[in-house]
Protein chains: 2
Amino acid sequence: MPIDAQPTTRVRAADELKQVALEQFATVGFAATSLQHIADHAGYSKSSVLYHFTSKEALLEAAIEPAISEFEAVLDDFIAGRGSGRRRRLVARVVDLLLDNRQAVHVFLIQGPSLAELPIIARANDAVRRLADAIGEERESVVDQVRFGIGLGGAAFLLTAGRSFSDADALPADDELREVLHVVLGELLAPGDRPHQTTTD
Amino acid sequence: MPIDAQPTTRVRAADELKQVALEQFATVGFAATSLQHIADHAGYSKSSVLYHFTSKEALLEAAIEPAISEFEAVLDDFIAGRGSGRRRRLVARVVDLLLDNRQAVHVFLIQGPSLAELPIIARANDAVRRLADAIGEERESVVDQVRFGIGLGGAAFLLTAGRSFSDADALPADDELREVLHVVLGELLAPGDRPHQTTTD
DNA sequence: ACGCTACTTGACCGATCGGTCAGATCCTGC
DNA sequence: GCAGGATCTGACCGATCGGTCAAGTAGCGT
(Lines give C-alpha, C1' and ligand atoms only; values in the text may rest on other atoms or scores of the structure.)
Protein backbone atom coordinates (compact mmCIF):
# COMPACT_ATOMS: atom_id res chain seq x y z
CA MET A 1 0.00 0.00 0.00
CA PRO A 2 2.08 2.89 -1.26
CA ILE A 3 1.22 6.32 0.11
CA ASP A 4 2.39 7.79 -3.13
CA ALA A 5 -0.64 7.46 -5.40
CA GLN A 6 1.49 7.30 -8.53
CA PRO A 7 4.64 5.39 -7.73
CA THR A 8 6.32 7.09 -10.67
CA THR A 9 5.49 4.14 -12.86
CA ARG A 10 9.22 3.56 -13.14
CA VAL A 11 9.58 1.31 -10.16
CA ARG A 12 6.28 -0.34 -10.77
CA ALA A 13 7.21 -2.03 -14.01
CA ALA A 14 10.28 -3.65 -12.53
CA ASP A 15 8.38 -4.76 -9.45
CA GLU A 16 5.53 -6.15 -11.47
CA LEU A 17 7.93 -8.07 -13.63
CA LYS A 18 9.78 -9.39 -10.61
CA GLN A 19 6.58 -10.64 -9.05
CA VAL A 20 5.25 -12.21 -12.23
CA ALA A 21 8.60 -13.81 -12.94
CA LEU A 22 8.93 -15.21 -9.44
CA GLU A 23 5.46 -16.67 -9.68
CA GLN A 24 6.29 -18.39 -12.93
CA PHE A 25 9.70 -19.56 -11.76
CA ALA A 26 8.15 -21.14 -8.69
CA THR A 27 5.22 -22.82 -10.39
CA VAL A 28 6.54 -23.77 -13.80
CA GLY A 29 10.26 -23.80 -13.04
CA PHE A 30 13.07 -21.49 -14.05
CA ALA A 31 14.15 -23.44 -17.11
CA ALA A 32 10.61 -23.90 -18.36
CA THR A 33 9.70 -20.23 -17.96
CA SER A 34 10.47 -18.12 -21.01
CA LEU A 35 10.94 -14.38 -21.06
CA GLN A 36 8.13 -14.21 -23.57
CA HIS A 37 5.90 -16.00 -21.11
CA ILE A 38 6.74 -13.54 -18.36
CA ALA A 39 6.27 -10.57 -20.66
CA ASP A 40 2.87 -11.75 -21.85
CA HIS A 41 1.73 -12.51 -18.34
CA ALA A 42 2.79 -9.08 -17.12
CA GLY A 43 1.44 -7.14 -20.08
CA TYR A 44 4.80 -6.04 -21.43
CA SER A 45 6.93 -7.00 -24.38
CA LYS A 46 9.91 -9.26 -24.09
CA SER A 47 12.16 -6.33 -24.93
CA SER A 48 10.82 -4.40 -21.98
CA VAL A 49 11.68 -7.23 -19.67
CA LEU A 50 15.23 -7.19 -20.96
CA TYR A 51 15.35 -3.44 -20.58
CA HIS A 52 14.66 -3.63 -16.86
CA PHE A 53 16.79 -6.72 -16.31
CA THR A 54 19.87 -7.36 -18.38
CA SER A 55 19.21 -11.09 -18.61
CA LYS A 56 16.87 -13.83 -17.50
CA GLU A 57 19.41 -14.72 -14.86
CA ALA A 58 19.49 -11.13 -13.58
CA LEU A 59 15.73 -11.21 -13.31
CA LEU A 60 15.91 -14.36 -11.25
CA GLU A 61 18.50 -12.80 -9.00
CA ALA A 62 16.44 -9.65 -8.48
CA ALA A 63 13.42 -11.77 -7.66
CA ILE A 64 14.93 -14.10 -5.07
CA GLU A 65 17.92 -12.22 -3.66
CA PRO A 66 16.03 -10.62 -0.77
CA ALA A 67 14.77 -13.99 0.40
CA ILE A 68 18.26 -15.43 0.19
CA SER A 69 19.72 -12.56 2.18
CA GLU A 70 17.12 -13.04 4.85
CA PHE A 71 17.83 -16.75 4.92
CA GLU A 72 21.53 -16.04 5.34
CA ALA A 73 20.72 -13.69 8.19
CA VAL A 74 18.71 -16.41 9.93
CA LEU A 75 21.55 -18.82 9.37
CA ASP A 76 24.26 -16.51 10.71
CA ASP A 77 22.19 -15.79 13.77
CA PHE A 78 21.77 -19.50 14.39
CA ILE A 79 25.46 -20.27 13.94
CA ALA A 80 26.57 -17.44 16.17
CA GLY A 81 23.93 -18.03 18.81
CA ARG A 82 24.09 -20.37 21.77
CA GLY A 83 21.72 -21.65 24.36
CA SER A 84 18.98 -24.20 24.45
CA GLY A 85 16.37 -22.05 22.80
CA ARG A 86 18.60 -21.77 19.77
CA ARG A 87 16.81 -24.34 17.69
CA ARG A 88 13.40 -23.07 18.66
CA ARG A 89 14.35 -19.59 17.52
CA LEU A 90 15.61 -21.07 14.28
CA VAL A 91 12.34 -22.86 13.73
CA ALA A 92 10.32 -19.71 14.33
CA ARG A 93 12.34 -17.66 11.89
CA VAL A 94 12.43 -20.39 9.28
CA VAL A 95 8.67 -20.71 9.41
CA ASP A 96 8.23 -16.99 8.93
CA LEU A 97 10.73 -16.99 6.12
CA LEU A 98 8.96 -19.85 4.41
CA LEU A 99 5.55 -18.25 4.69
CA ASP A 100 6.72 -14.86 3.53
CA ASN A 101 8.85 -16.11 0.65
CA ARG A 102 7.31 -19.38 -0.47
CA GLN A 103 8.01 -18.86 -4.12
CA ALA A 104 11.59 -17.74 -3.70
CA VAL A 105 12.29 -20.58 -1.29
CA HIS A 106 10.82 -23.04 -3.73
CA VAL A 107 13.17 -21.79 -6.41
CA PHE A 108 16.41 -21.91 -4.47
CA LEU A 109 15.62 -24.94 -2.32
CA ILE A 110 13.62 -27.27 -4.54
CA GLN A 111 15.03 -26.23 -7.88
CA GLY A 112 18.35 -25.24 -6.33
CA PRO A 113 20.41 -28.33 -7.14
CA SER A 114 19.49 -28.19 -10.81
CA LEU A 115 20.36 -24.51 -11.08
CA ALA A 116 23.65 -24.64 -9.22
CA GLU A 117 25.44 -23.10 -12.16
CA LEU A 118 23.80 -19.74 -11.52
CA PRO A 119 25.82 -17.68 -9.02
CA ILE A 120 22.85 -16.51 -7.01
CA ILE A 121 21.63 -20.08 -6.66
CA ALA A 122 25.09 -21.28 -5.77
CA ARG A 123 25.12 -18.72 -2.97
CA ALA A 124 21.79 -20.00 -1.69
CA ASN A 125 22.89 -23.61 -1.95
CA ASP A 126 25.99 -22.77 0.01
CA ALA A 127 23.88 -21.27 2.77
CA VAL A 128 21.67 -24.34 2.90
CA ARG A 129 24.73 -26.53 3.08
CA ARG A 130 26.19 -24.47 5.90
CA LEU A 131 22.96 -24.85 7.81
CA ALA A 132 23.00 -28.60 7.24
CA ASP A 133 26.59 -28.74 8.45
CA ALA A 134 25.78 -26.71 11.53
CA ILE A 135 22.98 -29.10 12.39
CA GLY A 136 25.20 -32.05 11.63
CA GLU A 137 28.00 -30.89 13.87
CA GLU A 138 25.71 -30.20 16.76
CA ARG A 139 24.37 -33.70 16.76
CA GLU A 140 26.01 -36.48 14.89
CA SER A 141 22.91 -38.62 14.88
CA VAL A 142 21.88 -39.54 11.36
CA VAL A 143 18.25 -39.54 12.41
CA ASP A 144 18.59 -35.94 13.41
CA GLN A 145 20.04 -34.94 10.09
CA VAL A 146 17.30 -36.75 8.25
CA ARG A 147 14.72 -35.01 10.39
CA PHE A 148 16.30 -31.72 9.46
CA GLY A 149 16.32 -32.46 5.76
CA ILE A 150 12.77 -33.71 5.75
CA GLY A 151 11.56 -30.79 7.79
CA LEU A 152 13.13 -28.13 5.66
CA GLY A 153 12.49 -29.72 2.30
CA GLY A 154 9.07 -30.95 3.27
CA ALA A 155 7.91 -27.56 4.46
CA ALA A 156 9.14 -25.94 1.27
CA PHE A 157 7.44 -28.67 -0.73
CA LEU A 158 4.19 -28.35 1.15
CA LEU A 159 3.97 -24.58 0.78
CA THR A 160 4.63 -24.54 -2.93
CA ALA A 161 4.42 -27.67 -5.01
CA GLY A 162 2.31 -29.54 -2.47
CA ARG A 163 -0.46 -26.97 -2.53
CA SER A 164 -1.73 -28.30 -5.81
CA PHE A 165 -2.32 -31.68 -4.23
CA SER A 166 -4.98 -30.57 -1.80
CA ASP A 167 -8.30 -28.87 -2.31
CA ALA A 168 -8.23 -25.14 -1.91
CA ASP A 169 -10.12 -25.32 1.38
CA ALA A 170 -7.90 -27.99 2.85
CA LEU A 171 -4.93 -25.76 3.52
CA PRO A 172 -6.16 -22.96 5.75
CA ALA A 173 -5.15 -19.36 6.25
CA ASP A 174 -1.56 -18.42 6.85
CA ASP A 175 -2.19 -17.74 10.51
CA GLU A 176 -3.22 -21.28 11.28
CA LEU A 177 -0.60 -22.62 8.94
CA ARG A 178 2.07 -20.72 10.84
CA GLU A 179 1.07 -22.29 14.13
CA VAL A 180 0.88 -25.75 12.64
CA LEU A 181 4.25 -25.40 10.99
CA HIS A 182 5.69 -24.26 14.29
CA VAL A 183 4.53 -27.46 15.90
CA VAL A 184 5.59 -29.85 13.17
CA LEU A 185 8.89 -28.20 12.34
CA GLY A 186 9.56 -27.90 16.03
CA GLU A 187 9.27 -31.66 16.33
CA LEU A 188 11.62 -32.13 13.41
CA LEU A 189 14.24 -29.44 13.75
CA ALA A 190 14.36 -29.14 17.50
CA PRO A 191 13.51 -32.62 18.72
CA GLY A 192 15.41 -32.05 21.94
CA ASP A 193 13.54 -29.28 23.67
CA ARG A 194 9.81 -29.76 23.84
CA PRO A 195 8.21 -26.36 24.26
CA HIS A 196 5.06 -27.56 26.04
CA GLN A 197 2.87 -26.34 23.19
CA THR A 198 4.48 -22.88 23.19
CA THR A 199 2.27 -20.04 24.59
CA THR A 200 4.97 -17.83 23.14
CA ASP A 201 7.15 -17.03 26.17
CA MET B 1 26.05 -57.49 -14.48
CA PRO B 2 23.51 -59.43 -16.48
CA ILE B 3 23.90 -63.17 -16.57
CA ASP B 4 22.96 -63.11 -20.21
CA ALA B 5 26.17 -62.00 -21.84
CA GLN B 6 24.49 -60.50 -24.88
CA PRO B 7 21.05 -59.22 -24.00
CA THR B 8 20.20 -59.08 -27.69
CA THR B 9 21.27 -55.44 -27.80
CA ARG B 10 17.74 -54.54 -28.74
CA VAL B 11 16.40 -54.13 -25.27
CA ARG B 12 19.59 -52.65 -24.00
CA ALA B 13 19.42 -49.43 -25.97
CA ALA B 14 15.93 -48.62 -24.79
CA ASP B 15 16.80 -49.46 -21.20
CA GLU B 16 19.98 -47.44 -21.28
CA LEU B 17 18.12 -44.48 -22.68
CA LYS B 18 15.39 -44.81 -20.09
CA GLN B 19 17.91 -44.83 -17.29
CA VAL B 20 19.94 -41.92 -18.61
CA ALA B 21 16.80 -39.93 -19.29
CA LEU B 22 15.39 -40.58 -15.84
CA GLU B 23 18.66 -39.49 -14.29
CA GLN B 24 18.62 -36.25 -16.22
CA PHE B 25 14.94 -35.61 -15.63
CA ALA B 26 15.43 -36.01 -11.90
CA THR B 27 18.57 -33.93 -11.55
CA VAL B 28 18.16 -31.21 -14.17
CA GLY B 29 14.41 -31.30 -14.58
CA PHE B 30 12.20 -32.50 -17.39
CA ALA B 31 11.85 -29.16 -19.14
CA ALA B 32 15.55 -28.39 -18.88
CA THR B 33 16.62 -31.77 -20.25
CA SER B 34 16.91 -31.88 -24.03
CA LEU B 35 16.78 -34.99 -26.16
CA GLN B 36 20.20 -34.02 -27.48
CA HIS B 37 21.49 -33.99 -23.94
CA ILE B 38 20.12 -37.43 -23.25
CA ALA B 39 21.46 -38.79 -26.53
CA ASP B 40 24.95 -37.43 -25.92
CA HIS B 41 25.00 -38.72 -22.37
CA ALA B 42 23.93 -42.19 -23.48
CA GLY B 43 26.22 -42.40 -26.49
CA TYR B 44 23.48 -42.33 -29.12
CA SER B 45 22.19 -39.80 -31.58
CA LYS B 46 19.06 -37.79 -31.00
CA SER B 47 17.41 -39.65 -33.86
CA SER B 48 18.03 -42.94 -32.11
CA VAL B 49 16.31 -41.70 -29.01
CA LEU B 50 13.29 -40.78 -31.09
CA TYR B 51 13.40 -44.14 -32.79
CA HIS B 52 13.00 -46.01 -29.52
CA PHE B 53 10.54 -43.51 -28.05
CA THR B 54 8.12 -41.65 -30.23
CA SER B 55 8.49 -38.43 -28.27
CA LYS B 56 10.18 -36.87 -25.27
CA GLU B 57 6.93 -37.31 -23.40
CA ALA B 58 6.79 -41.00 -24.27
CA LEU B 59 10.33 -41.37 -22.97
CA LEU B 60 9.30 -39.79 -19.70
CA GLU B 61 6.33 -42.08 -19.44
CA ALA B 62 8.40 -45.17 -20.10
CA ALA B 63 10.88 -44.06 -17.47
CA ILE B 64 8.52 -43.34 -14.60
CA GLU B 65 5.44 -45.43 -15.30
CA PRO B 66 6.57 -48.46 -13.30
CA ALA B 67 7.17 -46.33 -10.23
CA ILE B 68 3.77 -44.72 -10.61
CA SER B 69 2.06 -48.07 -10.94
CA GLU B 70 3.77 -49.28 -7.81
CA PHE B 71 2.76 -46.13 -6.00
CA GLU B 72 -0.83 -46.65 -7.07
CA ALA B 73 -0.66 -50.20 -5.77
CA VAL B 74 0.56 -48.99 -2.40
CA LEU B 75 -2.19 -46.42 -2.37
CA ASP B 76 -4.96 -48.85 -3.27
CA ASP B 77 -3.78 -51.24 -0.60
CA PHE B 78 -3.85 -48.46 1.98
CA ILE B 79 -7.31 -47.28 0.99
CA ALA B 80 -8.76 -50.77 0.98
CA GLY B 81 -7.00 -51.88 4.15
CA ARG B 82 -8.13 -51.45 7.73
CA GLY B 83 -6.71 -51.91 11.13
CA SER B 84 -4.34 -50.00 13.30
CA GLY B 85 -1.19 -51.14 11.57
CA ARG B 86 -2.46 -49.63 8.38
CA ARG B 87 -0.38 -46.51 8.55
CA ARG B 88 2.72 -48.35 9.61
CA ARG B 89 2.40 -50.61 6.61
CA LEU B 90 1.95 -47.57 4.42
CA VAL B 91 5.11 -46.04 5.83
CA ALA B 92 7.10 -49.18 5.22
CA ARG B 93 6.01 -49.46 1.62
CA VAL B 94 6.44 -45.78 0.93
CA VAL B 95 9.98 -45.88 2.24
CA ASP B 96 10.83 -48.81 0.02
CA LEU B 97 9.21 -47.12 -2.94
CA LEU B 98 11.16 -43.96 -2.31
CA LEU B 99 14.47 -45.73 -1.98
CA ASP B 100 13.93 -47.90 -5.04
CA ASN B 101 12.59 -45.15 -7.26
CA ARG B 102 14.10 -41.91 -6.02
CA GLN B 103 14.48 -40.37 -9.40
CA ALA B 104 11.03 -41.25 -10.66
CA VAL B 105 9.47 -40.06 -7.43
CA HIS B 106 11.33 -36.80 -7.68
CA VAL B 107 9.94 -36.27 -11.14
CA PHE B 108 6.29 -36.93 -10.44
CA LEU B 109 6.18 -35.56 -6.90
CA ILE B 110 8.53 -32.58 -6.87
CA GLN B 111 8.20 -31.58 -10.50
CA GLY B 112 4.67 -32.96 -10.73
CA PRO B 113 2.69 -29.76 -10.31
CA SER B 114 4.60 -28.01 -13.06
CA LEU B 115 4.15 -30.92 -15.46
CA ALA B 116 0.48 -31.53 -14.81
CA GLU B 117 -0.31 -31.15 -18.48
CA LEU B 118 1.37 -34.46 -19.28
CA PRO B 119 -1.10 -37.36 -18.94
CA ILE B 120 1.29 -39.64 -17.10
CA ILE B 121 2.07 -36.90 -14.59
CA ALA B 122 -1.60 -36.08 -14.21
CA ARG B 123 -2.18 -39.70 -13.33
CA ALA B 124 0.55 -39.57 -10.69
CA ASN B 125 -0.74 -36.29 -9.30
CA ASP B 126 -4.17 -37.79 -9.03
CA ALA B 127 -2.79 -40.68 -7.03
CA VAL B 128 -0.98 -38.34 -4.67
CA ARG B 129 -4.14 -36.34 -4.23
CA ARG B 130 -6.14 -39.45 -3.47
CA LEU B 131 -3.62 -40.40 -0.83
CA ALA B 132 -3.80 -36.93 0.67
CA ASP B 133 -7.59 -37.14 0.73
CA ALA B 134 -7.49 -40.54 2.36
CA ILE B 135 -5.22 -39.20 5.08
CA GLY B 136 -7.39 -36.12 5.42
CA GLU B 137 -10.61 -38.08 5.86
CA GLU B 138 -9.15 -40.36 8.44
CA ARG B 139 -8.13 -37.53 10.69
CA GLU B 140 -9.40 -34.05 10.19
CA SER B 141 -6.60 -32.49 12.18
CA VAL B 142 -4.73 -29.94 10.13
CA VAL B 143 -1.54 -30.78 11.98
CA ASP B 144 -1.86 -34.33 10.78
CA GLN B 145 -2.27 -33.30 7.19
CA VAL B 146 0.73 -31.03 7.41
CA ARG B 147 2.76 -33.85 8.92
CA PHE B 148 1.77 -36.00 6.01
CA GLY B 149 2.69 -33.41 3.41
CA ILE B 150 5.99 -32.63 5.04
CA GLY B 151 6.84 -36.29 5.46
CA LEU B 152 6.11 -37.28 1.93
CA GLY B 153 7.52 -34.21 0.24
CA GLY B 154 10.45 -33.96 2.60
CA ALA B 155 11.49 -37.54 2.08
CA ALA B 156 11.33 -37.12 -1.68
CA PHE B 157 13.28 -33.91 -1.38
CA LEU B 158 15.91 -35.43 0.86
CA LEU B 159 16.53 -38.44 -1.34
CA THR B 160 16.94 -36.48 -4.55
CA ALA B 161 17.43 -32.74 -4.49
CA GLY B 162 18.62 -32.66 -0.91
CA ARG B 163 21.47 -35.03 -1.51
CA SER B 164 23.51 -32.28 -3.09
CA PHE B 165 23.36 -30.32 0.12
CA SER B 166 25.32 -32.76 2.20
CA ASP B 167 28.78 -34.17 1.83
CA ALA B 168 28.94 -37.53 0.17
CA ASP B 169 29.80 -39.26 3.44
CA ALA B 170 27.03 -37.61 5.38
CA LEU B 171 24.20 -39.62 3.91
CA PRO B 172 25.03 -43.25 4.52
CA ALA B 173 24.21 -46.48 2.77
CA ASP B 174 20.68 -47.28 1.78
CA ASP B 175 20.33 -49.84 4.53
CA GLU B 176 20.81 -47.36 7.31
CA LEU B 177 18.84 -44.77 5.42
CA ARG B 178 15.91 -47.15 5.20
CA GLU B 179 15.84 -47.65 8.94
CA VAL B 180 16.17 -43.96 9.62
CA LEU B 181 13.41 -43.12 7.20
CA HIS B 182 11.21 -45.71 8.85
CA VAL B 183 11.64 -43.95 12.15
CA VAL B 184 11.19 -40.40 10.92
CA LEU B 185 8.38 -41.08 8.49
CA GLY B 186 6.73 -43.23 11.10
CA GLU B 187 6.65 -40.23 13.42
CA LEU B 188 5.15 -38.11 10.69
CA LEU B 189 2.75 -40.34 8.81
CA ALA B 190 1.65 -42.58 11.64
CA PRO B 191 1.88 -40.35 14.71
CA GLY B 192 -0.75 -42.41 16.48
CA ASP B 193 0.86 -45.76 16.90
CA ARG B 194 4.35 -45.69 18.29
CA PRO B 195 6.18 -48.87 17.39
CA HIS B 196 8.47 -48.69 20.42
CA GLN B 197 11.52 -47.85 18.33
CA THR B 198 11.12 -51.13 16.46
CA THR B 199 13.29 -53.99 17.49
CA THR B 200 16.15 -54.47 15.07
CA ASP B 201 18.38 -51.42 15.67
C1' DA C 1 9.35 24.87 -27.92
C1' DC C 2 13.28 22.35 -26.97
C1' DG C 3 16.24 18.53 -25.67
C1' DC C 4 17.15 14.98 -22.52
C1' DT C 5 16.13 10.87 -20.24
C1' DA C 6 13.22 6.98 -19.12
C1' DC C 7 10.75 3.70 -21.10
C1' DT C 8 8.63 0.56 -24.63
C1' DT C 9 8.60 -1.97 -28.71
C1' DG C 10 9.10 -4.78 -33.21
C1' DA C 11 12.46 -6.54 -36.14
C1' DC C 12 16.05 -9.36 -36.10
C1' DC C 13 20.03 -12.68 -34.70
C1' DG C 14 22.29 -17.27 -33.87
C1' DA C 15 21.41 -21.25 -31.20
C1' DT C 16 18.68 -24.83 -29.75
C1' DC C 17 14.34 -27.00 -29.12
C1' DG C 18 11.28 -31.44 -30.36
C1' DG C 19 10.33 -33.97 -34.27
C1' DT C 20 10.43 -35.95 -39.43
C1' DC C 21 12.50 -38.49 -43.03
C1' DA C 22 15.37 -40.80 -46.18
C1' DG C 23 19.05 -43.31 -46.36
C1' DA C 24 23.06 -46.20 -44.27
C1' DT C 25 24.40 -50.27 -41.57
C1' DC C 26 23.80 -54.41 -39.25
C1' DC C 27 21.79 -58.77 -38.06
C1' DT C 28 19.24 -62.82 -39.07
C1' DG C 29 16.71 -66.47 -41.72
C1' DC C 30 16.85 -68.66 -45.89
C1' DG D 1 24.70 -64.58 -50.98
C1' DC D 2 20.72 -62.35 -50.50
C1' DA D 3 16.28 -60.35 -48.90
C1' DG D 4 14.20 -57.94 -45.11
C1' DG D 5 13.44 -56.14 -40.88
C1' DA D 6 15.64 -53.81 -36.92
C1' DT D 7 18.59 -50.27 -35.64
C1' DC D 8 21.15 -46.09 -36.17
C1' DT D 9 22.26 -41.66 -38.07
C1' DG D 10 22.77 -36.92 -40.50
C1' DA D 11 20.25 -33.57 -42.84
C1' DC D 12 16.58 -30.93 -42.33
C1' DC D 13 12.10 -28.54 -40.58
C1' DG D 14 9.31 -24.90 -38.13
C1' DA D 15 9.07 -23.00 -33.65
C1' DT D 16 10.96 -20.95 -29.82
C1' DC D 17 14.76 -19.80 -26.94
C1' DG D 18 17.68 -15.66 -24.73
C1' DG D 19 19.47 -11.56 -26.28
C1' DT D 20 20.68 -7.15 -29.41
C1' DC D 21 19.53 -2.99 -31.65
C1' DA D 22 17.56 1.00 -33.52
C1' DA D 23 13.50 3.50 -33.78
C1' DG D 24 10.14 5.14 -31.60
C1' DT D 25 7.02 7.52 -27.59
C1' DA D 26 6.08 9.85 -23.20
C1' DG D 27 7.18 12.97 -19.64
C1' DC D 28 9.88 16.53 -17.43
C1' DG D 29 13.14 20.52 -16.71
C1' DT D 30 14.37 24.55 -18.96
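The figures that follow rest on heavy atoms only: side chains count, while hydrogens, waters and symmetry mates do not. Quick note on labels: first sequence line is chain A, next is B, and so on, each numbered from 1.
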(message) Can you build the contact string for nucleotides 9-21 of chain C? Use B for base contact, S for sugar-phosphate-only contact, and - for no protein heavy atom under 4.0 Å.
(response) BBB-----SBBB-
Under 3.5 Å, sequence neighbours excluded: what are the donor-acceptor pairs made by side chains of residues 67-80 of chain B?
unit_1	atom_1	unit_2	atom_2	d
B/S69	OG	B/E65	OE2	2.8
B/S69	OG	B/R123	NH2	3.1
B/E72	OE1	B/R123	NE	3.3
B/E72	OE1	B/R123	NH2	2.9
B/E72	OE2	B/R123	NE	2.9
B/D77	OD2	B/R93	NH1	3.2

(request) Any pair with a residue in residues 25-35 of chain A that passes side-chain hydrogen bond (donor to acceptor under 3.5 Å, both in side chains), sequence neighbours left out, goes on the list, sorted by first then second residue, please. (result)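 Matches after skipping sequence neighbours: none remain.
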Please list, chain by chain and in numerical order, all residues satisfying side chain to side chain contact (heavy atoms under 4.5 Å, CB included) with [X], sequence neighbours excluded.
X     : answer
B/D40 : B/Q36
B/A42 : B/L17, B/V20, B/Y44
B/S45 : B/S47, B/S48

